[in-house]
There are 2 protein chains.
Amino acid sequence: MDPRPTAVQAPIHLRIADDIRMQIERGELEPGASLPTLAELAARWSCSMNSTRAAIALLKAQGLITSGRGKAPTVRIQPRKVIRSSERHQVEKDLVLKSEADRAGIGEAETNLGISIDNQRFTSRYDQIAAGEMAGIFGINPNDLLLRRCYEATDPMAGLRLSWSVSYMPVALIESNPALLDERNEPWPGGTMHQLSTVGIEIMRVVDEVTARMPTTVEAQTWGLSNGIPLVFCRRISIDGGGRVVEISDADYPADRTELHFVTPLKAWPKSRRKPSQHGL
Amino acid sequence: MDPRPTAVQAPIHLRIADDIRMQIERGELEPGASLPTLAELAARWSCSMNSTRAAIALLKAQGLITSGRGKAPTVRIQPRKVIRSSERHQVEKDLVLKSEADRAGIGEAETNLGISIDNQRFTSRYDQIAAGEMAGIFGINPNDLLLRRCYEATDPMAGLRLSWSVSYMPVALIESNPALLDERNEPWPGGTMHQLSTVGIEIMRVVDEVTARMPTTVEAQTWGLSNGIPLVFCRRISIDGGGRVVEISDADYPADRTELHFVTPLKAWPKSRRKPSQHGL
DNA sequence: GAGTGGTCTAGACCACTGT
DNA sequence: CAGTGGTCTAGACCACTCC
């Protein structure tokens with residue numbers, strides 16, 4: 001019944017890759033250590049160099065190693081992860097009540113990354129688009145206008161992207177304060193929460209929707225991602241007291257240097273609750 | 001100064017892959033549609049079939065297409081995403097107060113996936129290990145024992161993994177109820193929240209730490225993942241009223257069929273707050 | 001300059017899909 | 001069965017690193 005008569009020998013490049021992966025997991029190859037050269041692997045496994053190339057390519061695609069011309073492949077060194085916590089939502093909301101001096105320099109720009117504000121080149125770009133497919137989330141018509149704000153921070157030295165996000169807000173909600181429609185007012189002290197407060201909107205709930213995907217070739221270049229590193233995609237939906245969706249913000253985070261934290265406080269059980277029934281034993 | 005005299009022509013396989021990717025993004029190639037064969041691509045781009053293979057392999061590694069022997073590669077069809085919301089934490093906590101009848105069938109097993117409970121084969125395995133590197137998070141000694149509980153659900157028809165998680169709890173915290181140490185009591189009606197309640201522990205805060213990584217070859221097989229699909233990794237840390245870490249739970253989610261939702265309620269501004277100062281204009 | 005990995009070719013064999 | 005993609009080889013040229 002089983003189409004395979006016995007266990008079929010796995011392809012040579014998979015066996016080579018698996019062997020190296022196990023050496024890495026066992027710690028025999030430490031981060032930063034050099035792997036055998038393609039020629040050495042080919043000799044050891046009695047196969048062509050193209051097969052060893054395929055094995056190395058697979059490990060690169062899995063994010064385990066890095067390689068480049070002229071030098072042996074090395075075990076990938078995990079960069080320190082930057083933590084981005086959902087507690088920031090409350091912090092940003094509280095900031096609205098502070099003085100402009102306190103809010104200064106806490107615009108959308110600086111909140112995106114926890115490191116070296118001085119070494120970031122920050123750009124923001126505003127335009128207006130039809131809501132289209134996003135109309136359903138906002139509960140508006142597809143022809144209604146959204147203000148689209150694109151934010152990007154790059155490292156001017158390396159030319160690499162450090163953060164990226166796109167924000168959408170219905171123009172009808174905010175046009176009573178024309179300053180909100182003008183990108184020349186970026187960076188806005190206090191960020192989006194304060195911007196919305198100027199038109200009487202208070203965010204009461206934030207929903208973060210998280211998934212991941214592989215970057216395209218150009219995205220990998222833009223972020224300076226080595227092969228095999230996914231992008232974590234987070235869509236933040238901000239909702240006001242009336243349950244109205246006010247803002248949607250999409251952001252990408254490189255998985256090798258980012259960890260998203262979400263804190264969920266739970267309501268206490270009533271003091272007078274009956275003791276839960278035992279189970280088992 | 002620039003080492004590149006002019007723009008260097010990108011490698012042929014990247015140009016082919018990029019061309020196909022743009023066709024997909026523009027909608028000229030719909031999900032499920034067949035791509036040109038390797039031979040057709042080779043003829044169209046005047047290159048060898050191995051180069052077209054490399055292009056197809058790259059698109060597979062980026063999760064855009066699927067391919068297999070004997071048939072043309074096709075544009076990947078995105079499976080419907082299962083939503084796993086952090087609001088479940090509160091739901092599970094509330095469940096502890098319900099009757100055993102209400103709690104029945106809501107163990108760790110069924111909470112992992114939102115679909116077809118009948119078609120899951122569920123396994124759980126308990127053992128005890130030294131805390132080791134996790135001691136720091138729990139605030140215990142590395143030699144102290146942790147109860148490790150491994151949960152896995154598989155589709156008995158396809159033989160594929162549907163969910164997977166590992167939970168760690170200090171044995172010292174729960175050994176006063178020996179039933180908690182015995183895997184034969186799985187599935188426990190009401191799940192971990194109820195188990196902890198039997199030893200007087202109430203979870204007051206849950207922190208979810210989220211990142212992503214590429215699966216290894218065997219993980220891709222186990223989950224039935226096609227190439228280029230990352231695994232979203234979520235570490236859930238459960239904390240009681242005294243700020244003590246009570247449980248750590250690690251889980252993987254296939255990024256192509258999972259979306260993690262995190263809801264953050266925000267505290268209201270005081271009614272008497274001063275009007276925020278305007279900005280710009 | 002020697003050695004490395006990256007790119008690319010031509011060609012072979014095999015497993016699998018369709019008809 | 002013909003046609004497809006998957007695997008694999010041998011060999012070439014190039015860009016890059018290190019000595």
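Just so we're on the same page: letters track the sequence lines, and every chain starts at 1.
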I need the single residue from B:L59, B:D19, B:V75 that forms a side chain to side chain contact (heavy atoms under 4.5 Å, CB included) with B:I24. Which is it?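 Going through the options one by one, the only one that passes is B:V75.
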Close residues, [range], relative to DNA chain C [heavy-atom separation under 4.0 Å]:
range	answer
residues 47-56 of chain B	B:C47, B:S48, B:N50, B:S51, B:R53
residues 220-228 of chain B	none
residues 64-71 of chain A	A:S67, A:G68, A:R69, A:G70, A:K71

Surrounding [atom1] of [X] (heavy atoms of other residues, nucleotides or ligands, distance under 6.0 Å), is the total greater than 12?
X	atom1	result
B:Q78	CD	yes
B:E28	CD	yes
B:R184	CZ	no
A:Q128	CD	yes
A:K71	NZ	no
B:Q23	CD	yes

Could you state the [atom1]-[atom2] distance from [X] to [N], rounded to the nearest angstrom?
X	N	atom1	atom2	result
A:L58	D:dG6	CG	P	14 Å
A:L38	D:dC8	CG	P	15 Å
B:L41	D:dG5	CG	C1'	12 Å
A:I20	C:dG5	CD1	P	11 Å
A:I16	D:dT9	CD1	C1'	13 Å
A:R15	D:dC8	CZ	C1'	12 Å
A:H13	D:dT9	NE2	P	11 Å
B:I12	C:dT7	CD1	P	12 Å

Report yes if a side-chain nitrogen or oxygen of A:K60 is closer than 4.0 Å to either non-bridging phosphate oxygen (OP1 or OP2) of C:dG5; otherwise report no.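 Negative; the distance criterion is not met.
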Residues A:S124 and A:R149: side-chain donor-acceptor under 3.5 angstrom: no
Determine, step by step, whether A:W164 and A:W223 satisfy the side chain to side chain contact (heavy atoms under 4.5 Å, CB included) criterion, reporting the C-alpha distance in whole Å, the side-chain angles of both residues, the deciding distance to 0.1 Å, and the verdict. CA-CA 10 Å; A:W164 175 89; A:W223 285 97; 3.8 Å; yes
Over all heavy atoms of both residues, which pair between B:E219 and B:M214 is shortest? Give the atoms and the distance, please.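 Scanning both residues, the minimum pair turns out to be OE1-O, 4.5 Å.
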Minimal non-hydrogen separation, B:P31 against B:I77, with atom names: C-CG1, 4.0 Å
